Colleague: 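If you scroll down you'll find the structure; I have some questions about it.
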Amino acid sequence: MNQQLAGFAPTPMVARMENHGRTMLKVAMSTGQDLYARTGSMVAYEGFVQYEPNPPAVRQIAAQWVTGEGAPIMKCSGDGLLYLADYGADVVVINLNNDSLSVNGTNVLAFDAHLQWGVEKVKGLAKFAGQGLWNVEIAGTGWVALTSRGTPIVVDCGRGEDETYVDPDALVAWSPNLKVKGKRSFKASSLIGRGSGEAYQMAFSGQGIVVVQPSEDSTDRLRIRH
């Protein structure tokens, strides 16, 4: 039986964050290198790892993109291996090098605690969505793990002069330096009985990337805040 299951066993770590399969994140934990992770995302760990849900240092920031009590972030510290997942969603690992990324709050799985982060209003969309839309911006040098409902596509917006249009319900993340504007449209799903009325896309231009998932998960996508 051990031989039959050998292909699923953990492999030696070569980086701070790695994928274990498509849908699980493996993090090498060590003293002094704390991690922020989505509350409830821990599926297993080895060694000595401690958790602090809704830590005071992030409570006010995290409250910007959630409703109800508490923040969706826990602080992880200690030594060992930590495994995280989010209901079988694909995991995308990114190593920021003095760079920044704007991410939908529901797609944030984990990131190094020393990174700078905050909740930012998405510019250029206020007239399409009342008071505007909000995203989590993460910056600095360190590791970030995102989730995607299916294997995502990464679009390089700097390859031409044409704008890149994305349905907000399928958007995962983008480079914050991209210019963003809204475009009204007639949502195709209204033609087949799944919805009705106008919708809008987000148009991106400039140098940078856009990460798009193959699923229109509208449960918490770019929440409209009034």
Side-chain angles (χ1 to χ4, degrees), residues 5-59 61-63 65-66 70-119 135-152 154 172-176 209 211 213 215 217 220:
L5 297 176
F8 300 97
T11 55
M13 293 287 297
V14 297
R16 159 74 161 172
M17 286 188 184
E18 296 177 352
N19 282 82
H20 185 75
R22 292 188 305 110
T23 61
M24 190 176 296
L25 175 69
K26 181 169 58 173
V27 185
M29 300 293 298
S30 60
T31 301
Q33 296 185 8
D34 295 344
L35 182 80
Y36 288 137
R38 175 170 291 277
T39 301
S41 61
M42 188 278 291
V43 294
Y45 69 90
E46 303 174 33
F48 180 75
V49 182
Q50 293 181 305
Y51 307 92
E52 182 184 0
N54 196 20
V58 301
R59 191 174 299 157
I61 299 175
W65 97 74
V66 298
I73 291 292
M74 61 181 179
K75 184 178 181 180
C76 309
S77 58
D79 292 276
L81 292 178
L82 175 62
Y83 298 90
L84 305 174
D86 183 22
Y87 294 99
D90 283 41
V91 174
V92 181
V93 177
I94 299 173
N95 188 8
L96 295 179
N97 183 16
N98 194 26
D99 205 351
S100 59
L101 193 67
S102 188
V103 189
N104 280 345
T106 53
N107 293 99
V108 176
L109 180 61
F111 56 94
D112 282 332
H114 67 262
L115 290 170
Q116 298 177 343
W117 69 287
V119 178
N135 240 33
V136 181
E137 189 165 321
I138 304 172
T141 299
W143 293 87
V144 180
L146 313 178
T147 59
S148 171
R149 302 299 171 184
T151 303
V154 179
V172 173
W174 71 86
S175 302
I209 63 169
V211 183
Q213 64 185 0
S215 172
D217 181 3
D220 197 23

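Since the structure is predicted, the reported quantities are computational estimates derived from the model, not experimental observations.
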Colleague: Of the non-hydrogen atoms in C76 and A37, which two are nearest, and what is the gap between them?
Modeller: SG-CB, 4.1 Å

Colleague: Under 3.5 Å, is there a donor-acceptor pair between the side chain of S100 and the main chain of I138?
Modeller: no

Colleague: Minimum heavy-atom separation for S30 and D79, please, with both atom names.
Modeller: CA-OD1, 3.3 Å

Colleague: I'd like to check L25 versus N19 (side-chain heavy atoms, cut-off strictly below 4.5 Å). Are they in contact?
Modeller: no

Colleague: Does the pair T141 and N98 meet the rule for a side-chain hydrogen bond (donor to acceptor under 3.5 Å, both in side chains), with working shown?
Modeller: CA-CA 5 Å; T141 299; N98 194 26; 4.9 Å; no

Colleague: Who passes side chain to side chain donor-acceptor pair (under 3.5 Å) against E18, sequence neighbours left out?
Modeller: none

Colleague: Any side-chain heavy-atom pair from L96 and V144 closer than 4.5 angstrom?
Modeller: yes

Colleague: Check whether any side-chain N or O of S41 sits under 3.5 Å from a backbone N or O of A85 as a donor-acceptor pair, and report yes or no.
Modeller: no

Colleague: What are the two closest non-hydrogen atoms of V211 and P152, and how far apart are they?
Modeller: CG1-CB, 3.9 Å

Colleague: Walk me through it: do L35 and V27 pass the test side-chain contact (heavy atoms from CB on, under 4.5 Å)?
Modeller: CA-CA 9 Å; L35 182 80; V27 185; 4.1 Å; yes

Colleague: Can you find a pair of side-chain heavy atoms, one from R149 and one from Y87, that are under 4.5 Å apart?
Modeller: yes

Colleague: About how many Å separate OH of Y36 and OG of S77, when rounded to the nearest 0.5 Å?
Modeller: 10.5 Å

Colleague: Using side-chain hydrogen bond (donor to acceptor under 3.5 Å, both in side chains), reason through S148 and D90 one step at a time and then give a plain yes or no.
Modeller: CA-CA 5 Å; S148 171; D90 283 41; 6.0 Å; no

Colleague: May I have the step-by-step check of side-chain contact (heavy atoms from CB on, under 4.5 Å) for I94 and V92, ending in yes or no?
Modeller: CA-CA 7 Å; I94 299 173; V92 181; 4.3 Å; yes

Colleague: Do any N or O atoms from the side chain of D112 and from the backbone of W143 form a donor-acceptor pair under 3.5 angstrom?
Modeller: yes

Colleague: For V108, does its backbone N or O pair with a side-chain atom of R38 as donor and acceptor, under 3.5 Å?
Modeller: yes

Colleague: Do the non-hydrogen side-chain atoms of E137 and W117 ever get within less than 4.5 Å of each other?
Modeller: no

Colleague: What is the minimum heavy-atom distance between N95 and G142, and which atoms define it?
Modeller: OD1-O, 3.2 Å

Colleague: Kindly indicate whether the side chain of K26, heavy atoms from C-beta on, has any atom under 4.5 Å from the side chain of R16.
Modeller: no

Colleague: Should F111 and L146 count as side-chain neighbours, where that means a heavy-atom distance under 4.5 Å?
Modeller: no

Colleague: Show your working on side-chain contact (heavy atoms from CB on, under 4.5 Å) between Y83 and E46 and close with a plain yes or no.
Modeller: CA-CA 9 Å; Y83 298 90; E46 303 174 33; 3.3 Å; yes

Colleague: Would you find a donor on one side and an acceptor on the other, under 3.5 Å apart, between the side chain of H114 and the backbone of D34?
Modeller: no

Colleague: Which heavy atom in M13 sits nearest to a heavy atom in L81, and how many Å separate them?
Modeller: CG-CD2, 3.5 Å

Colleague: List the steps and the verdict of side-chain contact (heavy atoms from CB on, under 4.5 Å) for V119 and N135.
Modeller: CA-CA 6 Å; V119 178; N135 240 33; over 6 Å; no

Colleague: Looking at side-chain heavy atoms only, is the closest gap between Q213 and N107 below 4.5 Å?
Modeller: yes

Colleague: Would you say M42 and L84 make side-chain contact, with heavy atoms under 4.5 Å?
Modeller: yes

Colleague: Which atom pair, heavy atoms only, marks the closest approach of Y51 to M74?
Modeller: CD2-SD, 4.0 Å

